[in-house]
Amino acid sequence: MAADVDKTTPEDGSKISPQNAHRGPVSGSWISKGLWTLLLVGAVPLLAFGIKYYQDAQFLKRHEESVRTLGAEGLFLFSSLDTDHDLYLSPEEFKPIAEKLTGITPPVDFEEEVTHDPNGETLTLEAKMQPLLLDSMTKSKDGFLGVSHSSLSGLRSWKSPAVPSSSFSASQFRAFLPPKNKVEVGDTWWVIPSELNIFTGYLPNNRYHPPSPKGKEVLIHSLLSMFHPRPFIKSRFAPQGTVACIRASNDFYYDIVFRIHAEFQLNDVPDFPFWFTPGQFAGNIILSKDASHVRHFHLYVPNDRSLNVDMEWLYGASESSNMEVDIGYLPQLELQSTGPSTPSIIMDEEGNIIDSRDGGSEPIQFVFEDIHWISELSRQEAARRLDVTFYPFKRVSYLPFSEAFERAEAENKLVHSILLWGALDDQSCSGRTLRETVLESSPVLALLNQSFISSWSLVRELENMQADEQNNALSEKARLHLEKYNFPVEMMVALPNGTIVHHINANFFLDQTAMKPEEEGAAFSFSGGFEDPSTSTYISFLKEGLEKAKEYQAQ
């Protein structure tokens with residue numbers, strides 16, 4: 001055996017084994033495959049770029065053809081319907097025009113989350129409205145000079161609710177029930193979440209018809225449609241949506257308060273869009289925990305401020321066209337239940353109908369027991385929690401003007417006061433950038449809590465306060481504020497006696513924070529501990545106010 005083995009052993013050690021004989025071709029094949037892989041990897045982005053370039057070229061070509069065919073104004077109206085911006089109208093996108101031309105509105109197939117029991121309870125709501133006071137608008141002071149009649153046509157013609165009375169299934173209000181992890185008194189949650197923030201920007205202005213609501217949006221859309229046929233459940237600007245809070249609870253019922261940020265489109269083609277944005281819709285609902293019974297429902301636009309509606313309208317056929325802005329006062333816009341929800345039929349224990357109600361008969365009479373809450377919050381505290389959920393900057397308390405100065409004197413602090421055209425804590429546009437950036441930043445919140453009493457006021461309210469001869473001290477504080485005010489927002493630091501020791505206009509502040517570091521002036525210096533320019537600049541503003549206050553107090 002050993003000899004046989006020796007015979008098979010190659011005598012020349014330099015000969016290549018059969019295995020080694022194949023290494024050259026395999027190695028060459030591997031290199032070839034690697035080159036092809038690299039070529040494919042490189043070709044994919046080139047191909048994608050080519051496709052994108054072709055698509056962009058085709059889109060630009062269609063856009064130019066559209067401008068030639070329709071003109072700028074015609075393309076503007078077309079774009080308001082073209083929701084996916086592909087320069088084609090689908091049947092769904094064309095539907096608003098078909099409804100307008102034919103006068104026929106087909107049944108809307110809403111995507112709802114629950115099915116309704118035809119034998120369940122029914123709730124009747126009534127809508128009430130007093131139209132906006134035109135003389136409360138700033139532009140009324142010069143007789144609406146330069147404002148075209150067509151711009152305000154939708155506003156002038158909106159005198160009453162679109163649907164004065166309507167019935168709803170009690171089970172529809174299930175949309176207001178809390179999620180399983182939010183069942184304690186004081187818990188807040190998003191019924192309809194906001195999808196916008198300071199980074200995402202805002203939704204387009206050149207729209208006339210709201211998108212079809214889905215899920216919990218269906219109920220909110222149906223409720224607001226009682227006021228006007230074109231409600232937009234998600235407003236163009238953040239924060240959007242609906243937030244709710246459990247105010248009170250017992251074994252069977254919830255009292256839920258809610259706040260809605262929505263708006264209406266008052267104009268229709270051929271007029272340019274006119275956006276009507278109430279500061280907020282507030283309300284509450286008392287309903288059973290299984291949503292089979294609604295004891296009470298109320299929804300309204302708060303009217304306790306001198307101005308409560310923001311209005312914006314376009315003057316041109318493009319998204320970048322000039323937009324006019326104004327603010328006004330709406331005395332009343334509300335929905336209220338006429339009574340608790342009631343069943344349409346009453347059955348005995350065996351399922352036999354013993355009483356019923358049809359369209360022509362008298363309503364069935366019921367006697368309802370009083371509700372006693374096991375746990376509850378005050379309405380003011382529940383509303384505050386809604387505010388903080390929408391606006392994190394309100395983790396700092398903002399007191400009314402007079403109360404802020406009283407508190408500052410009692411606690412020996414300065415007043416951080418913001419004076420503006422529209423409200424800071426609703427959908428008015430005046431303080432939008434300020435509240436979504438520096439006022440909600442942690443360093444600013446900490447300094448305000450430590451050293452200041454905060455307040456914000458409307459210009460009109462301080463003008464009325466200044467004219468009040470019954471309270472000279474408060475009138476003088478209002479006068480000192482108005483002397484320093486410049487449109488649209490002025491931030492001030494004041495002593496408890498009302499003396500303004502430091503102030504900055506919002507536009508100047510935004511210019512400062514937009515500058516490059518080498519372009520910064522001497523008015524404000526960035527603090528090395530803060531990376532965000534707007535936050536560090538506002539911190540500097542507040543700290544400079546504290547230093548200047550010492551100089552005043554030393555005099």
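Just so it is clear, the model here is predicted, and its values are computed rather than measured.
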Residue pair Asn267 / Ser151: nearest heavy atoms and the distance that separates them: ND2-O, 3.2 Å
Set out, in order, the CA-CA distance, both residues' side-chain angles and the distance that settles salt bridge (Lys or Arg N to Asp or Glu O under 4.0 Å) for Glu217 and Lys234, then state yes or no. CA-CA 9 Å; Glu217 298 173 4; Lys234 292 184 176 178; 3.5 Å; yes
Got Phe237 and Glu312 here, is their nearest side-chain heavy-atom distance under 4.5 Å? yes
Would you please classify the geometry between the Trp158 ring and the His228 ring as parallel, tilted or perpendicular, with 30° and 60° separating the classes? perpendicular
Would you name the heavy atoms of His298 and Tyr300 that are closest together and state the gap between them? CE1-CD2, 3.5 Å
Flag if over 12 foreign heavy atoms under 6.0 Å of CD, Glu409: no
When the side chains of residues 392-401 are checked against the rest of the protein, which donor-acceptor pairs come out under 3.5 Å, sequence neighbours left out?
{"from": "Lys394", "atom 1": "NZ", "to": "Asp387", "atom 2": "OD2", "distance (Å)": "3.4"}
{"from": "Lys394", "atom 1": "NZ", "to": "Asp425", "atom 2": "OD2", "distance (Å)": "2.8"}

Test item: side-chain donor near acceptor, Thr188 and Thr389, under 3.5 Å: yes
Quick one: does Met137's side chain get under 4.5 Å of Leu132's, heavy atoms only? yes
Is any side-chain heavy atom of Phe509 closer than 4.5 Å to one of Ser534? yes
Pairwise side-chain contact, Leu177 with Leu287, heavy-atom cut-off 4.5 Å (strictly under): yes
Shortest non-hydrogen separation from Ile256 to Ala244 and the atoms involved: CG2-CB, 3.8 Å
Please find out if less than 6.0 Å separates the ring center of Trp189 from that of Phe258. no
Before accepting this row, confirm whether a basic side-chain N of the pair Arg435/Glu440 lies closer than 4.0 Å to the acidic partner's carboxylate O. no
Would you say that Pro331 contacts Asn303 through its side chain, given a criterion of any heavy-atom pair below 4.5 Å between the two side chains? no
If you count the non-hydrogen atoms of other residues, nucleotides and ligands that lie under 6.0 Å from CD in Glu184, is the total more than 12? no
Looking only at heavy atoms, which two atoms of Ala478 and Met465 are closest? And how far apart? CB-CB, 4.1 Å
Any salt bridge between Lys548 and Glu544, counting N to O under 4.0 Å? no
Evaluate whether atom CG of Asn412 has more than 12 neighbouring non-hydrogen atoms of other residues, nucleotides or ligands under 6.0 angstrom away. no
Can you confirm whether Arg207 sits close enough to Pro273 that some side-chain heavy atom of one is under 4.5 Å from a side-chain heavy atom of the other? no
Ring-plane angle category for Phe264 and Phe281, please: parallel below 30°, perpendicular beyond 60°, tilted otherwise. perpendicular
In plain terms, say whether Arg479 and Glu476 are close enough for a salt bridge, that is, a side-chain N and a carboxylate O under 4.0 Å apart. yes
Please name the pair of heavy atoms, one in Leu125 and one in Phe297, separated by the smallest distance, quoted to 0.1 Å. CD2-CD2, 3.8 Å
Just one of Thr535, Leu447, Ile539 clears the side chain to side chain contact (heavy atoms under 4.5 Å, CB included) bar with Ser441, so which one? Thr535
How about Val493 and Phe541: do any of their side-chain heavy atoms sit closer than 4.5 Å? yes
Which word best sums up how the rings of His416 and Tyr538 line up, parallel for under 30°, tilted for 30 to 60°, or perpendicular for over 60°? perpendicular
CZ-CD distance between Arg259 and Gln280, expressed to the nearest 0.5 angstrom: 3.5 Å
Does the side chain of Val147 reach to within under 4.5 Å of the side chain of Glu324, using non-hydrogen atoms? no
Minimum heavy-atom distance Ile500-Ala494, with the two atoms named: CD1-CB, 3.8 Å
With a 4.0 Å cut-off, would you call Lys543 and Glu547 a salt bridge? no
I want to know whether Phe405 and His481 have ring centres closer than 6.0 Å. yes
